[in-house]
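First up is the structure itself, then whatever we jot down about it.
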Protein chains: 2
Amino acid sequence: MAAMTPTAPLTPAARRVLEVATELFYTRGINTVGMELVAERAGVTKKTIYDRFGSKQQLVVQYLRARDARWREHLGGYLERAGDAPRARVAATFDALERWMDEENPRGCAMVNAYAELSDPEHPGRAVAEEQKRWLHGLYADLAERAGAADPAALGDALAMLHEGAVVARNVTGVRDAARTARAAADALMTVHGAD
Amino acid sequence: MAAMTPTAPLTPAARRVLEVATELFYTRGINTVGMELVAERAGVTKKTIYDRFGSKQQLVVQYLRARDARWREHLGGYLERAGDAPRARVAATFDALERWMDEENPRGCAMVNAYAELSDPEHPGRAVAEEQKRWLHGLYADLAERAGAADPAALGDALAMLHEGAVVARNVTGVRDAARTARAAADALMTVHGAD
DNA sequence: GTGAGTATACCGACCGGTCTGTTTACCTGC
DNA sequence: GCAGGTAAACAGACCGGTCGGTATACTCAC
């Protein structure tokens, strides 16, 4: 449940680089941020970055993994406190999202943004984003199934769509209570699907 | 209802530039595509582009407006055929979305993508995306109100979230029947909200 | 003759990435 | 206990290429 910390074998300089890159790539965009800036902000030479990460592509992959890990950890805490009832757990995902968007997500979903920026189908960062979204849909599908929904796959997808849609609504449209609205809609959908 | 065609006063070369830019910016991303490539593909010199559009920023704005106009026209046809019943009209928006995603949207929502790419808050392209999303939420809020929903603003937001979420689900997660799933969920939500 | 276009050269800035060489610190085996 | 090796980091110059944008000069059609 706790962090898997794949950041364990990182040298101190590499850890600083990854932290700085995570912040810069998210807030300014991947293509907008050059390696020189990352190096400077981390108090490191480009040489060090390339020695540790190999290429910008791979640094981007690490960035996406790191952000995803942070989100899953955040969500995990909410799920733990929610108990076992599927319905409460679904509600908890939207509470987690609300807090996350308030505190860590001023620029929308890092995975969706990266998917937009990395148009090259070969870029390994795309696979990270895809995997993250598949995981999220799987999470909701699992909760839908445990709740005894008639069509768990469809309900799971619908819940995930509300989740993603709330992020866009908050980020681009400026809907402040997007997560709460999504949570209420999710709860209503569960009722309709005959979920506990 | 029909297209406002702000493209009317464009010279033939400018029209070609806008067409090519629209295609390239959407499929490859705004920051990835250089003006030189746009010029070459349009069979035009950079001079001509800068004479007609002034800057890349403004060409991007025109691109976003052009794509939005295409989408609204597409949607308009579906709404016209759907008749006056709000519930049928809501369903029609998801049918329109399904067709749109099949035919014109292999890379997700151009507005969301642009919002991800254009991190500079001063970039005028961001305002175009914001306006487009406000319009979409307004459309759903209006339909919710006409349907006699108890809380039209909340239902409108929820419907818009399903819409946006379906785009992400289709694009990143690869959910093939995302629009149909979203449509069913939207219909269920309308029932819950006591809409006609 | 004015507006729309072509052709081409150019600008400074920045991009991702490589290179040579130096310093520091820790581990290990005779 | 000291030599040798290695990993991590430093400093900083350098590479070819692309970026958005500008300048000059010429053609063509209404």
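In the text below, chain A, chain B and the rest are named by the order of the sequence lines, each starting its count at 1. Below, each value reflects all heavy atoms present in this structure, side chains not excepted, and no hydrogens, waters or symmetry copies.
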Residue mapping more 5' on DNA chain D - nearest nucleotide basis, I30(B) or A13(A): A13(A)

Examine dA7(C): is either OP1 or OP2 under 4.0 Å from a nitrogen or oxygen in the side chain of T45(B)? Give yes or no. no

Please check the phosphate of dG3(C) (OP1 and OP2 only) for any side-chain N or O of R52(B) closer than 4.0 Å. no

Side-chain donor-acceptor pair under 3.5 Å between D157(A) and H137(A), yes or no? yes

Quick one: [X] [atom1] to [N] [atom2], roughly how many Å, whole number?
X: L10(B); N: dA4(C); atom1: CG; atom2: P; answer: 11 Å
X: E36(B); N: dC10(C); atom1: CD; atom2: C1'; answer: 12 Å
X: Q58(A); N: dG17(C); atom1: CD; atom2: C1'; answer: 13 Å
X: I49(B); N: dA4(C); atom1: CD1; atom2: P; answer: 16 Å

Could you tell me whether [X] and [Y] make a salt bridge, using a distance below 4.0 angstrom between a side-chain N and a carboxylate O?
X: E103(B); Y: R99(B); answer: yes
X: R146(A); Y: D142(A); answer: yes
X: D95(A); Y: R81(A); answer: no
X: D196(B); Y: R87(B); answer: no

Could you tell me whether V38(B) contacts a base, only the sugar-phosphate backbone, or nothing, with contacts defined as non-hydrogen atoms closer than 4.0 Å? nothing

Return a single string for nucleotides 18-25 of chain C, one symbol per nucleotide in 5' to 3' order, where B is base contact, S is sugar-phosphate-only contact and - is none, cutoff 4.0 angstrom on heavy atoms. BBB-----

Anything under 4.0 Å to a heavy atom of chain A counts; send over the first and last such nucleotide of DNA chain D, read 5' to 3'. dA8(D) to dG12(D)

Take H163(B) and W100(B) through the test ring-ring contact (aromatic ring centres under 6.0 Å, His included) and record every step on the way to the result. CA-CA 12 Å; H163(B) 180 116; W100(B) 179 258; over 10 Å; no

So if you build clusters from Ile, Leu, Val, Met, Phe, Trp, Tyr with side-chain heavy-atom gaps below 4.5 Å, do Y78(A) and L97(A) land together? no

Atom pairs and distances, side-chain donor-acceptor, residues 33-42 of chain A, under 3.5 Å, sequence neighbours left out:
none

Is there a donor-acceptor contact under 3.5 Å from the side chain of Y140(B) to the main chain of M161(B)? no

Residue pair M35(A)/V44(B) against DNA chain C: nearer the 5' end by closest nucleotide is V44(B)

